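Here is the structure we will look at.
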Amino acid sequence: MTRFLRGLAILWIALRYGLDELVLSSFRQPWLRTLTRIVTIGRKLDAPRGQRLREALETLGPIYVKLGQVLSTRRDLLPPDVAEELARLQDRVPPFPVEVAVATIERAFRRPIDSVFVSFDRVPVASASIAQVHFAVLRDRNGHEREVAVKVRRPGMLAAIEKDLALMAMTAGWVENLSADGKRLKPREVVGEFNKYLHDELDFVREAANAAQLRRNMSGLDIVQIPEMFWDFCHPDVVVMERMKGVPVNQIDRLRAAGVDMKRLARDGVTLFFTQVFRDGFFHADMHPGNIQVSIDPQSLGSYVLLDFGIVGTLTEFDKDYLAQNFTAFFRRDYKRVAELHVESGWVPPNTRVDELESAIRAVCEPYFDRPLKDLSLGMVLMRLFQTSRRFQVEIQPQLVLLQKTLLNIEGLGRQLDPDLDLWSTAKPFLEKWMIDQVGPKKLFTTLRDQAPHYAKLLPELPRLLHEFLQQRGQADPRQHQLAEELLRAQQRTNKLLQRLIYGGMGFVLGLLAMQIVIRVRIF
């Protein structure tokens, strides 16, 4: 009964904002198109479709606001005007009663709140669709008092999410079966992705683990601060972290008044992002202004303060290589190589013609070269490539969509801080270092280190295994012969590796120097 009433409420809001006209107009059945014209009689639907969708999601509540935020990252699927409008969605949610927050904390830690914190501010400092935050003072293991931020999950979120997700999945199935664009837009896949994002964000222990990993990765970088997690006070419903002090990054006048160098701040933002992507392959994937502050403390003036680690992106070595080669091929105007990279990635059907894909990519990229380098947008290039790839049935990987969305955020923020920011000049050292590392000694030593346990286990066994094989050579057991052949091949590979290490040292160093010169001069 509850699901039925919720469905009626959603239907009423959809009719109020004319969402039925948006959906029905994409159906292939003629009778449904006729129905669209009938149901819109007498209703004023002058507002743009993206605005109507955004306002409907805001009316439906926090879960649907979060859905719109996730949808805004899928620019490879949505029309540009709709994606831009959904990107304006913000978490403007009234706080829930402090008594509920206190009860959640006491239930999580199984003791009164006064025995957990030295003091607890009952007025929340922030409230969003998933949680709200209170400041407090905590006594740590060493007996020191520490200022902390306490993030408490909004009550009843899990049950509400499960009900609405069930309705979304059912509706997505109908749209996919009836709509002309249904299969391409993959509504069930989008709902599944949204399901994953929501459940990941609802688990605060996972968020704390993400923050701890980023804090370790960034420990040697003095341009960013990430809060310490207090693991004795981390629970799926509550997480306690170091209190960070800063000014929201979009309050530019306050930052200038505090003496922050805005040009340097813009460059540091790009440096921070590309360090996470190309060095670590682990990046904060929700870097909008609400989650980024800037320190105005004299000792750390101008350093970034990152918050909210519910969504992070990860990249494999293959992903990083794909991105680096795409960017460098783009700036060399080598569109054939960009097309080949799409094919080599395996995300394009095997029967795709490279020349047709190359022509489409050229049409996307060439207009950008009429602009100054400082006006180039790597995020927009990725977005346009994704949109072009749609007609070639490219399966865009979720981690690259997260990267493109975050890169757009970083570019917009960087140019807001410094309109003359040359993103390519800032990103170039990271791409250059990545390309060199793929053929440099660091890559070789890393490979040898990773394979060392395998060879250390195999080499002592070779004499015994070969001896047993020679003793049983007269027996015609195919499996033994196959095993022996594998052992011999392994020994041959080992011998070749040792020969390369012994005889290739001097030649490798000379070749490395030549390769660095080629990469620096020809590629960049």
Side-chain angles (χ1 to χ4, degrees), residues 1-3 6 60-67 69 91-167 194-215 226-244 286 290-291 307-312:
M1 185 64 180
T2 304
R3 182 184 297 184
R6 179 59 172 164
L60 284 168
I63 295 176
Y64 286 84
V65 168
K66 186 63 68 174
L67 172 63
Q69 292 172 344
D91 282 331
R92 294 185 293 266
V93 182
F96 54 86
V98 66
E99 293 78 15
V100 176
V102 170
T104 302
I105 295 170
E106 292 180 341
R107 184 170 58 252
F109 301 136
R110 298 182 180 180
R111 50 178 163 154
I113 193 168
D114 292 338
S115 68
V116 178
F117 302 107
V118 176
S119 64
F120 181 83
D121 190 348
R122 293 180 173 267
V123 179
V125 294
S127 179
S129 58
I130 298 295
Q132 70 183 32
V133 178
H134 295 259
F135 287 152
V137 175
L138 176 75
R139 197 179 304 278
D140 65 14
R141 294 179 180 179
N142 300 320
H144 301 139
E145 292 188 359
R146 302 281 300 275
E147 291 185 322
V148 296
V150 185
K151 187 173 181 179
V152 186
R153 190 167 77 180
R154 188 171 286 273
M157 285 298 296
L158 190 59
I161 283 174
E162 295 297 345
K163 291 177 184 176
D164 280 351
L165 282 173
L167 282 173
F194 177 51
N195 188 347
K196 176 182 178 298
Y197 282 150
L198 271 181
H199 282 87
D200 285 353
E201 281 197 86
L202 284 171
D203 186 352
F204 288 170
V205 174
R206 180 189 291 270
E207 178 178 344
N210 292 339
Q213 180 67 55
L214 279 171
R215 182 180 169 89
I226 295 174
E228 175 188 356
M229 299 290 123
F230 292 88
W231 286 106
D232 291 340
F233 301 95
C234 287
H235 183 273
D237 294 336
V238 183
V239 63
V240 178
M241 66 191 79
E242 176 187 5
R243 177 178 174 180
M244 308 302 289
D286 200 17
N291 291 336
L307 304 171
D308 195 350
F309 309 92
I311 302 176
V312 298

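Treat the numbers as computed from the prediction; the structure is a model and nothing was measured.
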Please list all pairs meeting side-chain hydrogen bond (donor to acceptor under 3.5 Å, both in side chains) that have one or both residues in residues 96-108, counting only residues at least two apart or in different chains. none

Which heavy-atom pair separates [X] from [Y] by the least distance, and what is that distance?
| X | Y | value |
| --- | --- | --- |
| V239 | A208 | CG2-CB, 4.0 Å |
| A211 | I226 | O-CG2, 3.7 Å |
| V133 | A149 | CG1-CB, 4.0 Å |

Qualifying residues under side-chain hydrogen bond (donor to acceptor under 3.5 Å, both in side chains), relative to R215, sequence neighbours excluded: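 R215: no side-chain hydrogen bond (donor to acceptor under 3.5 Å, both in side chains) contacts found.
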
Under the side-chain hydrogen bond (donor to acceptor under 3.5 Å, both in side chains) test, residues paired with D237 that sit two or more places apart: R153

Contacts of P227 that satisfy side chain to side chain contact (heavy atoms under 4.5 Å, CB included) - sequence neighbours left out: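 Scan of P227 (side chain to side chain contact (heavy atoms under 4.5 Å, CB included), adjacent residues dropped) gives M229, M241, E242, M244, F309.
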
Would you say V148 and V150 make side-chain contact, with heavy atoms under 4.5 Å?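 Result yes, sub-4.5 Å side-chain heavy-atom pair found.
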
Are any non-hydrogen side-chain atoms of V118 and L138 less than 4.5 angstrom apart? no

Residues which pass salt bridge (charged side-chain N to carboxylate O under 4.0 Å, His left out) with D308, listed by chain and number, not counting sequence neighbours: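 Testing D308 for salt bridge (charged side-chain N to carboxylate O under 4.0 Å, His left out), a comparison that skips the adjacent residues, returns K151.
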
Can you tell me which residue pairs pass the salt bridge (Lys or Arg N to Asp or Glu O under 4.0 Å) test with a partner in residues 135-145, sequence neighbours excluded? R139-E145, D140-R146, R141-D232

Apply side chain to side chain contact (heavy atoms under 4.5 Å, CB included) to R154 and S127, showing your working. CA-CA 9 Å; R154 188 171 286 273; S127 179; 3.0 Å; yes

Under the ring pair (Phe, Tyr, Trp, His ring centres under 6.0 Å) test, which residues partner F204, sequence neighbours left out?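 F204 satisfies ring pair (Phe, Tyr, Trp, His ring centres under 6.0 Å) with no other residue.
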
Residue list, ring pair (Phe, Tyr, Trp, His ring centres under 6.0 Å) with F109, at least two apart or on another chain: F233

Listing request: all ring-ring contact (aromatic ring centres under 6.0 Å, His included) pairs with a residue in residues 111-138, at least two apart in sequence or in separate chains.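 Pairs touching residues 111-138 that pass the test: F117-F120, F120-H134.
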
Backbone N/O of D286 and side chain of N291: donor-acceptor pair under 3.5 Å: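 Yes; at least one donor-acceptor contact below 3.5 Å.
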
Expected output: side-chain Q132 to main-chain V152 donor-acceptor under 3.5 Å: no

